[in-house]
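Read through the structure below, which is laid out as structure tokens, and then see the notes.
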Amino acid sequence: MQGLMQDWPLTVDKILNHAQAWHGDREVVSRSVEGPIVRTTYAQIHERAKRVSNVLIGLGMQPGDRVATLAWNTGRHIEAWYGIMGIGAVCHTLNPRLFAEQLVYIINHAEDKVILTDLTFLPILAGIRDQIPGVKHIIVLSDEANLGDQLPGALAYETLIAEASSDAKWGGFDENTAAGLCYTSGTTGNPKGVLYSHRSNFIHTLVTMGSDVLGIKATDTVLPVVPMFHANAWGLAFSAPAVGAKLVMPGQKLDGASVHELLESEGVTFSAAVPTVWQMLLQHLRASKGKLTTLKRVVIGGSAVPESIVRGFRDEFGVDVTHAWGMTETSPLGTQATPNAAIEQMDPEAQLQFKLKQGRPPLGIQLKLVDDEDKDLPHDGHTFGRLKVSGPFVVGQYFKAEGGKILDDEGYFDTGDVATLDEHGFMQITDRAKDVIKSGGEWISSIEIENLAAGHPKAELAAVIGVAHPKWDERPLLLVKLKAGEAAAKEEFLQFLDGKIAKWWMPDDVAFVDDIPLGATGKIDKKLIRDRMKDYVLPTAAAGGSAALAMSPEPKIYAPEPAPAPVAHHDHDDDGAWLHWTPGPDQTLDRTRAEPAEGEAPADAVRPFRRS
Ligand code: AMP
């Protein structure tokens, strides 16, 4: 027997319709790419998004056509999203931090017909224009005056919008219609497309609105630092209008000072970003003696949150941190570390240990922990296993069936993460399956060691990789990038770790480096580090296979050497995986110039390590 309730397809256009109808005068404030702060409302965004739909229809776009965006978080980007999705076209978010040849691959693979781009990325598009013949139109999210003749044939968004009607029909199609497309960062093989449906995005929105998940509400002012081009800004471009929260869009300026200025000037109460962004904000606040007068909560995910960030926010600024885990394939939010009733009874220090875990699944996400033979593992908080996930906003197969069948017989997707689950249902990522260090048949978590090492007062960033060892197979090597002006001996770091990790987890060596490369999504690029360190031999390996620590009697002090000449980036590394360009320290892009200035590294050059 069928239920007798209304057939109301869960399509995302209804989210912006709702915001327009019930929160129409709520503000959407953007730091525009051109510079000034631009203030609009949900009503205006809705009206302009309808015009976008008519512009696209006028350019011949049909339901199912892929329309790409290459853009920062701004109000215009939101208009583009809803304008594309509202008519059943597919919004393909392009990540500008990828190499040009990766973008070419992705644009051609997706068969994008139109690209809406910010001015910032015109040099990138100019450089690849002749390699993306399927793209019929490039629309620049600005006006004629700013566009000028920078990219011949490109159209100015504001001109098109002004001329288009705001009367467009949205929705009216099946809720399983594709709405969005986002390619994974592709650390193995080519990037693969995750094709979200209206239904999956709608359900993800409802779930993440829950007070134990993002928990935002109409009275909040939300600043999504996490980009719309990576994992959908964690759904905030849907959930903020869904609840009628004020939205503050940071544009391209993601450095500590710029984020702080927006937090204070716009009265932001809630924000979300990866740990590196928060690290930069905290450093800026400490250096400038800044305050956070309105911010109440931040969600941190994308990579594990270091304890120092949670403590910094809590103890110095009175801001609550929620740690969350997810991936492009999970829309992206999969777990969040909000306390359950038992944890809430614990003292603050005990609670902190749960805040540092990646957390528990909300309704709609099912987790499984299995060994290499796919047998279930205990939820004891200690046993590591492969983390698998299923649910209505989890990938079922990749776009164009790349990679073939990706679900197991029970319909679970292997995340590629290695994790533990505890008695409270809290999941903790201990590694990526490919980064876990296999020492003497046991697994060592590279992430756990590097998070602890990153808490050393002299460390700016830390990374741990497994290095070949004749006796133990692999042993951990700790790489540390020191804060500017600091010097340290290896032993300082080993002693800092002593007592915090098992003896046999202790790194066999410490290398001080001037650069820990981050990938296109702001995470430590272990693949590139392994590549750079491929000729490195552990002292314990050279000394005949003893696992004893290589404690040199005279500690080698970090001493910067002259920087070697930059090495040009090569297409792919040896197993065909993509290498990533390293974003600048402020996480903004400096790829606005087609050619580097004389004597300067090209924007996509990979700098080699210096090490002591
Ligand atoms: P992406 O699809 O690029 O967002 O990458 C997803 C991957 O990022 C996950 O599979 C994890 O390996 C990693 N990740 C995401 N959130 C966290 C987190 N809170 N802690 C540790 N790793 C994370």
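First listed ligand is number 1; within each ligand, the first listed atom is number 1. Throughout, residue positions are numbered sequentially from 1 according to the sequence presented.
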For [X], state whether at least one heavy atom is located under 4.0 Å from any atom of ligand 1.
X	result
G302	yes
G326	yes
T184	no

Below the 3.5 angstrom mark, is there an N/O of A304, backbone or side chain, next to an N/O of ligand 1?
yes
If we only count heavy atoms from C-beta on, is the V370 to D408 side-chain gap below 4.5 Å?
no
Do K192 and Y398 form a cation-pi contact, if we require the NZ or CZ to be under 6.0 Å from the six-membered ring centre and within 45 degrees of the ring's axis?
yes
Regarding S439 and R475, is there a side-chain donor-to-acceptor distance under 3.5 Å anywhere?
yes
Would you please say whether a donor-acceptor pair under 3.5 Å links the side chains of S446 and D435?
no
Side chain or backbone of [X] under 4.0 Å from ligand 1, or both, or neither, by non-hydrogen atoms?
X	value
A324	backbone
M327	both
T328	both
A231	neither

Using atom types as modelled and distance alone, determine if a side-chain donor or acceptor of E474 lies under 3.5 Å from a backbone N or O of K438.
yes
Salt bridge flag under 4.0 Å for residues [X] and [Y]:
X	Y	value
D515	R532	yes
R386	E373	no
R314	E349	yes

Using a 4.0 Å cut-off to any heavy atom of [X], which atoms of ligand 1 qualify?
X	value
W325	9 (C), 11 (C), 14 (N), 15 (C), 16 (N), 17 (C), 19 (N), 23 (C)
H230	1 (P), 3 (O), 4 (O)
H323	18 (C), 19 (N), 20 (N)

